[in-house]
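See structure below.
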There are 2 protein chains.
Amino acid sequence: MAGTRGRDVTDEVPRTGRAGTGQAGSGTTSARRARTGTTSTRRASTAATQVEVRERIVAAADALYYARGIQAVGMDEVRTAAGVSLKRLYAEFPGKEQLVLAVLESRHHQWEDGLGRAAAGVEDPRTRLLAIFDFLEEWFTDETFRGCGFINAFGELGATSPAVAAAAREHKQTFQDHVARLTRDAGGDETLGAQLALLAEGAQTTAAIAGRADAARQARRAAEVLIDAALGAR
Amino acid sequence: MAGTRGRDVTDEVPRTGRAGTGQAGSGTTSARRARTGTTSTRRASTAATQVEVRERIVAAADALYYARGIQAVGMDEVRTAAGVSLKRLYAEFPGKEQLVLAVLESRHHQWEDGLGRAAAGVEDPRTRLLAIFDFLEEWFTDETFRGCGFINAFGELGATSPAVAAAAREHKQTFQDHVARLTRDAGGDETLGAQLALLAEGAQTTAAIAGRADAARQARRAAEVLIDAALGAR
DNA sequence: TTGCGCCGAGAACGATCGTTCTCTACTGTA
DNA sequence: TACAGTAGAGAACGATCGTTCTCGGCGCAA
C-alpha cells in the first residue's frame with residue numbers, strides 16, 4: 001500500500017548490477033528505504049521521494065559514468081538505469097552538466113567518508129597518516145576500480161567544462177588539505193604533506209592504467225621512508 | 001616550382017597557432033621542409049609527401065586532442081587544421097581510432113626523446129635520475145600543459161577502446177622501465193624505481209589539475225630523500 | 001462521477017559527428 | 001589537343017545525443 005504503483009516499480013530499479021559506486025569501502029546503496037512514516041501528508045511524501053529519486057539518479061549516473069566514461073553515457077541510459085522518466089530527470093537536473101557535477105559532488109563525499117573511516121580509531125598519528133594508503137589499496141582491489149573519477153573527468157571534460165575542471169581542482173585541494181592536517185598531527189610540515197599527497201596521486205593513476213593494485217603498498221613504503229626522514233627515525 | 005599547386009597550398013597549413021604539441025622540450029614541427037631533391041621521380045615524390053602529410057595530420061590532431069580532449073574534436077576540424085582533404089585523411093587513417101593511436105604513438109616518442117635529452121650528458125647516476133623531475137618541471141611550466149596525454153586519453157576512452165587503454169598502459173610501462181634502469185645505474189633496486197615513478201605520476205596529475213607546477217620540485221625533493229635512504233647517505 | 005492536473009512513456013527535433021559519395025578541376029601523357 | 005586518372009571541396013547520409021513536446025492514463029477533489 002505504500003505509495004503509488006508507479007513509485008513501487010521505480011523503487012526496485014536495477015542498480016546497474018554492482019554494489020556501491022566503485023569507491024572503496026563505500027557500500028552506499030543510496031536508497032535507504034526509510035520513508036518518513038508511511039506517506040504522511042502529500043507534500044512531505046513528495047519531498048521524500050524527490051530526495052530519493054535524486055539520489056537514485058546520481059547513483060545510477062555515477063556507476064555508468066565511472067565505468068564507461070561520461071561522454072559515452074547518454075541521458076537516456078541514465079534514465080533507464082535510474083528508473084525515472086526523462087521528464088523527471090530533467091526536472092531534477094536542468095542539463096547533463098548539472099548531473100555530472102552532482103555525481104562528482106556525491107563521489108567527493110564518498111571519498112571523504114572513506115578517508116574519515118580509514119583514519120577513525122587509529123590512535124598513532126603516523127599510522128593514521130599511513131592509513132590513507134591502506135584505504136587506497138582497498139579501493140584499488142575493488143573489481144570496478146577504474147582510477148580516480150575526478151582525474152578521469154578532468155581528462156575528459158576539463159578543457160571544455162570549467163565547472164568540471166573546478167570540481168576536480170577542489171576535490172584534489174581538499175585531499176591535500178586532509179593530508180596536510182594529518183601530517184601536522186604527526187609533527188611534519190607542509191612539504192611532507194605535499195609529498196605524501198603526490199605519492200597517493202601517483203598510486204591512483206598507476207593502479208588504474210597499469211592495473212597494479214600493489215601501487216598502494218609501494219606508495220605506503222615510500223611514505224614511511226619520507227615520514228621517518230622528516231620526523232627523525234623512531 | 002616544387003610540387004604541384006595543390007600541394008603547395010596544403011604545405012603552408014596553419015599549425016594551429018602553437019609551437020610543438022605541448023610536450024616539454026619537444027619543439028617538433030614535424031614538417032621538415034626537406035624534400036628529396038626537387039621532385040625526383042613521381043613515385044618518390046608521392047611517398048615523400050605522404051609521410052609529410054601523415055606527420056602534419058598527426059601533429060594537428062595531437063595539438064587539438066591534447067588541448068580540448070579527443071571526443072571534443074571532430075575529424076573535420078583535424079582536416080581543417082592539417083590542411084588536407086577528408087578523403088586524404090581517411091586514406092591515411094581508416095578511422096578516428098587509428099588516428100588517435102597514431103597521435104598517442106607520436107606523443108610517446110616525443111616523451112621518450114625528452115626523457116633521453118634530459119638524461120643526456122649527465123654523468124652522475126643519481127643526478128641523472130633526478131633529471132627526470134627537472135624535465136617534468138620544464139614541461140609543467142609550458143603554457144599549453146594540460147596533464148599527461150595518456151592519462152587523459154585513458155580517462156576518456158580507456159573504458160570503451162581497448163586499444164587506447166593498451167597504448168596508455170604500454171606508455172606507462174616503458175616509463176617505469178626507464179626509471180628502473182636509471183635507478184639500477186644509481187645502485188638502487190626496483191622498489192626504489194617504482195616509488196620514484198609513483199612520484200613522477202603524482203606530480204603530473206597534481207600539476208595538471210591543481211595547476212601547481214611546483215609539484216615537480218616537491219617530487220624531486222621527495223625523490224632525493226627516497227634515493228638517499230635507499231642508497232645510504234652520501 | 002466528472003473534471004483537473006500531474007506524471008510516465010516515448011516520439012520528435014535539432015545539432016553534431018564519423019564516414020562515404022559526388023562533382024569538378026587539374027595534371028601528366030600520347 | 002584529347003583523355004585518363006587523381007585529388008580536393010564539400011554535400012550527403014546514417015547514427016547518436018541532449019533536450020523538448022505530445023499523448024494517454026491515473027489520482028484526487030468536488
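No experiment lies behind these values; they were computed from the predicted model shown. Here is the naming used below: chain letters follow the sequence lines, and residue numbers restart at 1 for every chain.
- For A:Arg212, the side chain to side chain contact (heavy atoms under 4.5 Å, CB included) partners are A:Ala210, A:Asp214, B:Gln176, not counting sequence neighbours.
- Contacts with DNA chain D (heavy atom under 4.0 Å) in residues 160-167 of chain B: none are found.
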Could you pull out the protein-nucleic contacts involving nucleotides 15-20 of chain D (nitrogen or oxygen on both sides, under 3.5 Å)?
{"unit_1": "D:dG18", "atom_1": "OP1", "unit_2": "A:Lys96", "atom_2": "NZ", "d": "2.4"}
{"unit_1": "D:dG18", "atom_1": "OP2", "unit_2": "A:Met75", "atom_2": "N", "d": "2.7"}
{"unit_1": "D:dT19", "atom_1": "OP2", "unit_2": "A:Tyr90", "atom_2": "OH", "d": "3.0"}
{"unit_1": "D:dT19", "atom_1": "OP2", "unit_2": "A:Lys96", "atom_2": "N", "d": "3.0"}

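- Here the side chains of A:Glu92 and A:Gln98 are not in contact, with every heavy-atom distance at 4.5 Å or above.
- Annotation: side chain to side chain contact (heavy atoms under 4.5 Å, CB included) contacts of B:Ala213 (sequence neighbours excluded): B:Phe140, B:Thr141.
- Both the sub-6.0 Å distance and the 45° axial angle are satisfied by B:Arg107 relative to the ring of B:Tyr66.
- For A:Trp111 and A:Phe135, the gap between ring centers is short of 6.0 Å.
- Applying the ring pair (Phe, Tyr, Trp, His ring centres under 6.0 Å) rule to A:Phe93 yields no partners; only residues at least two apart in sequence or on another chain are considered.
- For A:Glu77, the side chain to side chain contact (heavy atoms under 4.5 Å, CB included) partners two or more places apart in sequence, or in a different chain, are A:Leu64, A:Arg68, A:Val73.
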